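Each remark here refers to the structure printed beneath this line.
Small disclaimer: the values here were computed from a predicted structure and weren't measured. Note on naming: letters A, B, ... go to the chains in the order of the sequence lines (proteins, then strands), and numbering restarts at 1 for each one.
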There are 2 protein chains.
Amino acid sequence: MIYSSELIKGTLKTIVLKLLSDNKKMYGYEITQTVKEMTLDKIQITEGALYPTLHALEEEGLVTTETEYIGKRMRKYYSLSPTGKTRVKEKVKELASFMDTMTFLLDIKPKIA
Amino acid sequence: MIYSSELIKGTLKTIVLKLLSDNKKMYGYEITQTVKEMTLDKIQITEGALYPTLHALEEEGLVTTETEYIGKRMRKYYSLSPTGKTRVKEKVKELASFMDTMTFLLDIKPKIA
DNA sequence: TACAATGCATTGGTTTCTTATGTATCTTTG
DNA sequence: CAAAGATACATAAGAAACCAATGCATTGTA
């Protein structure tokens, strides 16, 4: 089962920031594969979604980049900036809190009519 | 604290369907107020988001409507159709499963480098 | 040598939400 | 009783975020 794409909306930035905070530096393709593996294929980040997100995070100053070459093939590594390190904690907290709220909402019992 | 709007994305339909499955029939304004109260103001569904969603659910055949008048003021009640009753269970399950996966992703420990 | 995998990226389109606006009625308060 | 706020519907223009498709190039594998 693959989650319908609408669910991913709004969580992608947080996922990326969290991965970067746990792994120091990662490149785009690595991020897609890591998420795919960790979620047993349930979350598949497409490149068309990932790269714009990474570029946006860079513009916001939350990540920095460095380019390496493996043979002739380019690799662009992304790392958290100091601002990014602060932000990731906030984002993860907010998402965790949101999920608590949603869990509550989904478990509600009928009103007494 | 109000959750950043991007988090709501993708969950609105599920929230609405779930509320309808617990309350038999509800009208738009009631839905916004119920969500606001239940989440202690943390989730505020705007009318500009809700009404298009309700209309879409109706077009998809997941909800049916009936109009009532309280004095001269209109109320449009929404109820789950049989299809809707089936769908809401799937949607809630999927969202619950997605949140499990996200919880796991957010708790991951650093890789051994 | 062809195909799959790795790795970057962009473009066009759709969905979904936000902000703003519009109309109208009912209730509360100074 | 007038004004303000709450109730109740709805749409329209625009932005944000994602998807599908595509493109280019290199490396590994059958």
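- Partners of Q33(A) according to the side-chain hydrogen bond (donor to acceptor under 3.5 Å, both in side chains) rule, which considers only residues two or more places apart in sequence or in another chain, do not exist here.
- Atom pair Q33(B):CD and dG5(D):C1' shows a separation of 13 Å (rounding to whole Å applied).
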At under 4.0 Å between heavy atoms, which parts of nucleotides 22-30 of chain D does protein reach? Answer with one letter per nucleotide, 5' to 3': B base, S sugar-phosphate only, - none. ----BS---
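- In this entry the distance linking CG of L7(B) with C1' of dA17(D) reads 13 Å, nearest Å.
- Sequence neighbours left out, the pairs with a member in residues 54-63 of chain B that pass side-chain hydrogen bond (donor to acceptor under 3.5 Å, both in side chains) are K13(B)-E60(B), E58(B)-T65(B).
- The separation between I43(A) atom CD1 and dC19(D) atom P is 11 Å, rounded to whole Å.
- The distance between atom CD1 of I15(A) and atom C1' of dA17(D), rounded to the nearest whole Å, is 14 Å.
- Sorted by first and then second residue, the ring pair (Phe, Tyr, Trp, His ring centres under 6.0 Å) pairs with a member in residues 1-26 of chain A read Y3(A)-F98(B); sequence neighbours excluded.
- Spacing between atom CD1 of I2(A) and atom C1' of dA20(D) amounts to 14 Å, rounded to whole angstrom units.
- Pairs of residues two or more places apart, or lying in two chains, that qualify as side-chain hydrogen bond (donor to acceptor under 3.5 Å, both in side chains) and include a residue from residues 77-91 of chain A are R75(A)-Y77(A), K91(A)-E6(B).
- Interface residues of residues 49-59 of chain B facing DNA chain C, ordered by number: A49(B), T53(B); criterion, heavy-atom separation under 4.0 Å.
- If you take OH of Y29(B) and P of dT27(C), they are 13 Å apart, rounded to a whole angstrom.
- If you measure from atom NZ of K76(B) to atom C1' of dT23(C), you get 16 Å, rounded to the nearest angstrom.
- The stretch residues 39-52 of chain B participates, sequence neighbours left out, in these salt bridge (Lys or Arg N to Asp or Glu O under 4.0 Å) pairs: K36(B)-D41(B).
- Counting non-hydrogen atoms under 4.0 angstrom, Y78(A) reaches the backbone sugars and phosphates but no base.
- Sorted by first and then second residue, the ring pair (Phe, Tyr, Trp, His ring centres under 6.0 Å) pairs with a member in residues 28-54 of chain A form an empty list; sequence neighbours excluded.
- Under the rule for a salt bridge (Lys or Arg N to Asp or Glu O under 4.0 Å), K93(A) has no partner lying at least two apart in sequence or in another chain.
- Between Y27(B) atom OH and dC26(C) atom C1' the separation is 12 Å, expressed in whole Å.
- In the set dA8(D), dC17(C), dT16(C), dC17(C) carries the atom at the smallest distance from any side-chain atom of L12(B).
- Listed by chain and number, the hydrophobic cluster partners of M74(A) are Y69(A), where partners are ILVMFWY side chains within reach of under 4.5 Å, directly or through others.
- Within residues 87-101 of chain A, no residue places a heavy atom under 4.0 Å from DNA chain C.
- With sequence neighbours excluded, the residues forming a side-chain hydrogen bond (donor to acceptor under 3.5 Å, both in side chains) with E68(A) are K25(A), listed by chain and number.
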